[in-house]
Amino acid sequence: MFSVSPSAYISTSDEVPIEVHGLFRIHRDGRFERLAGLNTIAAGTDQLTKVQSKDVVISQQTNLSARIYIPKSTTRNKTLPTLIYYHGGAFLTESSASTTYHPTLNLITAESTVITVSVDFRLAPESPIPIPYEDSWEAIKWVAGHNKENGPEPWLNDYADLHNVFLGGDSSGANIAHNMAILVGLNTINAINLRGLLAEFIIFKLYLLLFNLLFIF
């Protein structure tokens with residue numbers, strides 16, 4: 001059995017056996033309550049960067065989706081490097097539409113002149129590990145399906161340069177991006193050429209702690 005001592009970040013009480021401050025609570029009745037990533041922004045045209053975004057469904061079966069961003073300067077006769085991005089949130093919180101990530105990805109798309117695919121993978125504990133990784137891999141294969149410009153998403157058909165693909169993420173998203181880069185290396189996907197990995201604040205051991213907390217109760 002994994003044990004945890006209270007700290008500045010983790011507290012316990014009779015009604016809330018586990019609370020990671022600012023992230024989540026696990027109630028005595030087993031209910032899981034998210035405290036972060038609850039505020040969202042609708043897709044559309046960003047007034048600051050003029051980046052356009054829209055939400056697309058990758059899999060109807062699993063309800064896997066993504067938010068795609070294209071910069072203002074996009075033209076159909078010029079393809080752009082493709083960034084596949086995985087958000088952070090300890091696999092438990094946040095989304096591609098959250099106020100944490102949507103403005104950031106507008107800026108990344110505008111300043112880097114890339115087409116960005118922000119993957120909205122399913123979250124634990126409702127969808128426990130390895131489901132977020134499986135969703136993330138499914139998203140890569142979905143993007144790769146646009147290599148002959150006949151995939152289901154017109155923006156990828158028209159603007160994505162799949163010979164210049166980058167994986168990115170922060171925190172748990174960096175963990176996912178790291179593992180997806182390994183999978184791309186182990187599983188030949190001729191439709192895409194992975195050129196780099198952008199991983200910010202990658203964490204491994206902290207998530208072992210969080211997973212143990214989730215499976216205790």
Side-chain angles (χ1 to χ4, degrees), residues 34 36-46 48-59 62-72 74 80-124 127 131-146 151-162 164-181 183-184 192 194-202:
R34 291 182 174 87
L38 302 177
N39 297 321
T40 60
I41 301 174
T45 301
D46 180 60
L48 176 63
T49 62
K50 306 306 179 185
V51 166
Q52 296 182 66
S53 61
K54 66 177 176 179
D55 296 322
V56 298
V57 175
I58 294 174
S59 170
T62 63
N63 203 31
L64 173 62
S65 64
R67 179 164 290 189
I68 303 182
Y69 300 78
I70 56 173
K72 177 184 177 182
T74 303
L80 304 174
T82 303
L83 170 64
I84 303 175
Y85 194 87
Y86 304 102
H87 66 77
F91 299 97
L92 302 165
T93 66
E94 302 291 353
S95 70
S96 58
S98 77
T99 54
T100 305
Y101 288 97
H102 181 71
T104 301
L105 290 172
N106 277 321
L107 288 172
I108 289 174
T109 301
E111 295 297 324
S112 302
T113 316
V114 297
I115 180 168
T116 302
V117 180
S118 177
V119 182
D120 204 13
F121 52 85
R122 289 172 287 173
L123 301 176
S127 301
I131 289 175
Y133 292 102
E134 293 170 349
D135 283 353
S136 300
W137 181 240
E138 186 67 24
I140 290 177
K141 293 190 293 182
W142 179 80
V143 170
H146 296 78
E153 173 45 49
W155 280 7
L156 291 178
N157 290 332
D158 293 340
Y159 307 126
D161 180 359
L162 298 185
N164 289 286
V165 175
F166 297 82
L167 301 180
D170 66 289
S171 192
S172 56
N175 182 296
I176 291 176
H178 167 87
N179 282 280
M180 292 305 103
L183 282 177
V184 170
I192 65 172
L194 181 61
R195 298 292 300 274
L197 171 66
L198 311 173
E200 180 182 6
F201 195 48
I202 190 168

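Residue indices begin at 1 and follow the sequence shown. Given the structure is predicted, the values throughout are model-derived calculations rather than measurements.
Side-chain atoms of Ser171 never come within 3.5 Å of backbone atoms of Gly89 as a donor-acceptor pair (strictly under, hydrogens ignored). A distance-only check finds a donor-acceptor pair linking the side chain of Asn157 to the backbone of Gly151 [under 3.5 Å]. Using a distance-only test at 3.5 Å, with no hydrogens or angles considered, no donor-acceptor pair links the side chain of Tyr69 to the main chain of Val117. Thr113 contributes no side-chain N or O that, together with a main-chain N or O of Thr109, makes up a donor-acceptor pair within less than 3.5 Å. No donor-acceptor distance shorter than 3.5 angstrom exists from the side chain of Asn63 to the backbone of Ser59, with no hydrogens or angles considered. In terms of modelled atom types and a separation under 3.5 Å, the side chain of Ser95 and the main chain of Asp120 share no donor-acceptor contact.
Environment of NZ in Lys50: crowded, with over 12 heavy atoms of neighbouring residues, nucleotides or ligands closer than 6.0 Å.
Looking at every heavy atom in both residues, Ser118 comes nearest to Ser96 through OG-CB, 3.2 Å. Taking both residues in full, the closest heavy atoms of Leu194 and Leu167 are given as CD1-CG, 3.6 Å, listed atom of the first, atom of the second, then distance. Scanning both residues, Ile115 and Leu156, for their nearest heavy atoms gives CD1-CD2, 3.8 Å.
With no hydrogens or angles considered, no side-chain donor-acceptor pair links Thr45 and Gln52 at under 3.5 Å. In this structure, a donor-acceptor pair under 3.5 Å is present between the side chains of Asp170 and Tyr101.
Between Met180 and Ile140, some side-chain heavy-atom pair lies under the 4.5 Å cut-off. The closest side-chain heavy-atom distance from Leu123 to Pro132 is not below 4.5 Å. In this structure, the side chains of Ser136 and Ile176 come closer than 4.5 Å at one or more pairs of heavy atoms.
Taken to the nearest 0.5 Å, the OG1 atom of Thr49 stands 10.5 Å off from the CG atom of Leu105. In this structure, OH on Tyr85 lies 9.0 Å from CG on Leu198, to the nearest 0.5 angstrom. With rounding to the nearest 0.5 Å, the separation of OG in Ser53 from CG in Asn106 is 6.0 Å.
Using the six-membered ring where Trp is involved, Tyr133 and Phe91 have ring planes that are tilted, between 30° and 60° apart.
A salt bridge does not link Glu94 to Arg34: none of the charged nitrogens lies less than 4.0 Å from a carboxylate oxygen.
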